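These numbers come from a predicted model, not from an experiment.
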Amino acid sequence: MADFTTIHPLSAAMAHHVDLHLWRGAPQNLNPDRPVQILINQGYAVGFSPKTLQPAWSAYCVAHADQAVDYLRPLHYYSDVRIDPEQRLSNRTFGKIGAIPLNVGHMTPNEVINRQYGRLAQMETFLMSNMSPQYEVLNQGVWAKLEQSIREVQTMQGGDYAWVTVGPIFGDDPDHVSRDGGKLVPIPEAYFAIVVDPVKYPYDTPATVKLDCFIIPQTAPRDSRPADYPSTREEIEERTGLRFFDSWGRTYALGQELEASAASAAIPESRLKRAFSQLSEKWQKDFAPVPPAQPVADTIDGLIDALMGEAAASSADVRGELRQTLPDEKARAAMLQHTLSWLLRARELSKGPVPEAEHKKARQAGKTSAPALGMPAEPGTGEQAKQPKANIITYKIVKDVDDRLKNGARAACNFWNRFVLPDYSIVIRLGTFTQLGNTIARAYMPYEQGGVRYGQVEFNTRFLLDFTPDRIAGTIIHEIGHTLGFGWEIWEGLFDAATGLFTPEAVSRFAALGGMEVERDGGPGTALAHWDEELFGRELMTGYKNPGDEHVLPITISIMAAFGHVVVEQLEQQTSLEELLAGIASMVFSRQDEVREINLDYYVETPLRETVPHTPGET
């Protein structure tokens with residue numbers, strides 16, 4: 001039987017490691033239309049498919065995986081330079097397929113390798129050759145439970161390792177996402193896992209091992225469990241075109257394999273299934289959705305408190321697990337936002353106008369300084385430890401099309417209210433205009449009145465209906481960044497305008513500025529007001545819009561402290577804007593009472609500051 005698998009030339013020197021990482025050798029590839037190249041790493045091996053630009057399989061073994069060192073998760077993914085450039089993916093995330101978020105899904109997991117082989121081996125699991133585009137609901141649900149269970153497998157006295165092989169399963173006509181200049185990455189419809197637990201020496205037939213097989217669909221509900229998706233080696237081989245454990249003697253048809261395994265029935269259940277049982281109660285707690293509030297209060301204040309409590313718990317759940325918001329959570333958050341807005345307004349009307357003297361007294365006492373729901377209640381220490389003021393980032397819609405600006409403004413304000421307590425309140429005024437040409441939006445110089453800074457952005461109606469929600473929100477987030485301080489006096493004092501490099505004083509305060517430069521090209525509003533385009537092209541606060549996914553650097557958030565704001569949450573690593581926007585979708589804004597204290601309608605005509613897109617070479 002022909003095997004269309006080869007050792008990648010750059011892994012040839014480590015070919016002897018194949019049997020160290022795989023049970024009974026590498027899977028045979030029976031599909032001549034899908035060559036497989038074996039890439040060997042320190043803690044695992046991958047059968048990489050140049051056709052699908054992802055693993056056909058990835059394999060590793062497990063022992064004492066929960067007992068050794070535990071290094072922090074690396075900050076980045078890495079392009080695997082062993083692979084030919086036309087078949088190699090960059091470290092960009094997979095984005096979305098339709099409205100479905102895709103995670104960069106490890107096949108061999110980071111933590112198991114980390115705890116057995118150390119830091120460098122752990123970092124090799126972040127090579128893109130080990131990644132597959134997984135639905136968010138799978139990656140953060142059942143697949144996470146399977147990986148956690150495998151990590152819990154314990155070495156038995158006189159026993160062998162547990163051996164794991166996983167990989168994608170594709171349908172007949174898979175969807176694709178386009179990456180890196182048109183490379184089409186197919187989306188699997190499911191993933192398989194085979195876990196071999198040797199229990200009786202010499203382990204030379206299926207009857208002397210426990211064999212746990214699973215096929216888990218991309219759409220598996222988050223609260224389901226790996227055991228809900230049992231399979232067989234025969235089914236996995238049929239659906240993948242792979243043949244596993246060929247060195248095992250096969251003296252019977254594959255269809256008889258389960259019956260042959262009955263000879264081991266007297267042997268206790270596999271270590272993996274014991275881990276399932278041990279983790280069952282933890283999963284019940286960790287993966288249970290936040291229950292909807294069932295308020296029994298008989299006052300408006302009581303109803304508000306109950307709904308705000310649910311919103312806070314839901315937001316803490318999402319952010320505590322470092323995951324994105326699920327669709328049902330997003331829908332529930334939208335309902336809570338709408339209900340709370342009406343209840344807060346009803347409470348205001350029922351109590352009548354509050355005298356200004358009482359407002360002033362409350363502000364002096366700090367009673368109106370609560371952050372947005374879901375925000376940390378206490379700021380950081382050191383530079384960030386000053387007392388937050390009763391300031392807020394909000395918006396005013398002057399003119400809109402189908403609520404597109406309203407929805408974008410909500411997301412943009414949630415973004416900045418998540419990370420920053422501003423030194424002054426901010427109102428971003430949003431409207432529309434209609435004009436031929438390449439200008440999709442235009443922003444004006446901010447202005448101030450009564451401790452409030454106002455920014456203004458107008459979107460061209462010729463393009464607005466074609467913009468994605470994330471693109472609208474990203475443009476508004478960018479302009480709020482300017483209103484917060486990018487391009488203003490304090491910013492200009494942080495760098496040398498002749499070189500674009502940041503001063504030693506600035507770098508001593510924010511070390512990351514040592515690797516940053518300021519844009520020196522372009523006209524007014526672009527030059528000296530953004531990160532350098534050539535070095536940081538797709539970053540949120542560069543001066544030009546580029547094709548592809550935008551991302552946010554940690555320094556874009558932390559530099560807000562230099563502008564006098566309180567940074568209540570740092571960004572730990574470069575993160576796609578799409579991921580950040582999905583992660584805040586469950587935040588519910590509960591400071592409408594404070595917004596009503598701001599004059600949203602105050603307007604001063606100011607000069608044009610910049611137009612969007614600033615695509616280099618366009619006018």
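- Salt bridge present: Glu189 and Arg239 bring a charged side-chain N and a carboxylate O closer than 4.0 Å.
- A donor-acceptor contact shorter than 3.5 Å is absent between the side chain of Lys210 and the backbone of Leu272.
- A cation-pi contact, defined as under 6.0 Å to the ring centre and within 45° of the axis, links Arg471 to Phe467.
- For Asn139 and Gln134, the side-chain atoms include at least one donor-acceptor pair closer than 3.5 Å.
- At a cut-off of 3.5 Å, with distance as the only test, no side-chain donor of Ser270 or Asp197 sits close to an acceptor on the other residue.
- A salt bridge links Arg151 to Glu111: one of the charged nitrogens lies within less than 4.0 Å of a carboxylate oxygen.
- Side chain of Asn29 to backbone of Phe4: a donor-acceptor contact under 3.5 angstrom is found.
- Ring pair Tyr78/Phe126: centre-to-centre distance not below 6.0 Å.
- Test Leu577, Ile555, Thr556 against Glu539 for side-chain contact (heavy atoms from CB on, under 4.5 Å) and you get one pass: Thr556.
- Side-chain N or O atoms of Gln116 include one that pairs as donor or acceptor with a backbone N or O of Cys61 at under 3.5 Å.
- Aromatic rings from His530 and Phe536 are positioned such that their centres are separated by 6.0 Å or more.
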Stepwise side-chain hydrogen bond (donor to acceptor under 3.5 Å, both in side chains) check, Thr6 with Gln37: CA-CA 5 Å; Thr6 59; Gln37 299 176 334; 5.1 Å; no

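- Asp84 contributes no side-chain N or O that, together with a main-chain N or O of Glu86, makes up a donor-acceptor pair within less than 3.5 Å.
- Between the side chain of His21 and the main chain of Asp19, no donor-acceptor pair closer than 3.5 Å is present.
- Residues satisfying the side-chain contact (heavy atoms from CB on, under 4.5 Å) criterion with Val507, sequence neighbours excluded, are Phe502, Leu513.
- In this structure, Lys183 has no salt bridge (Lys or Arg N to Asp or Glu O under 4.0 Å) partners at least two apart in sequence or on a different chain.
- With ring centers used as reference points, Phe244 lies under 6.0 Å from Phe192.
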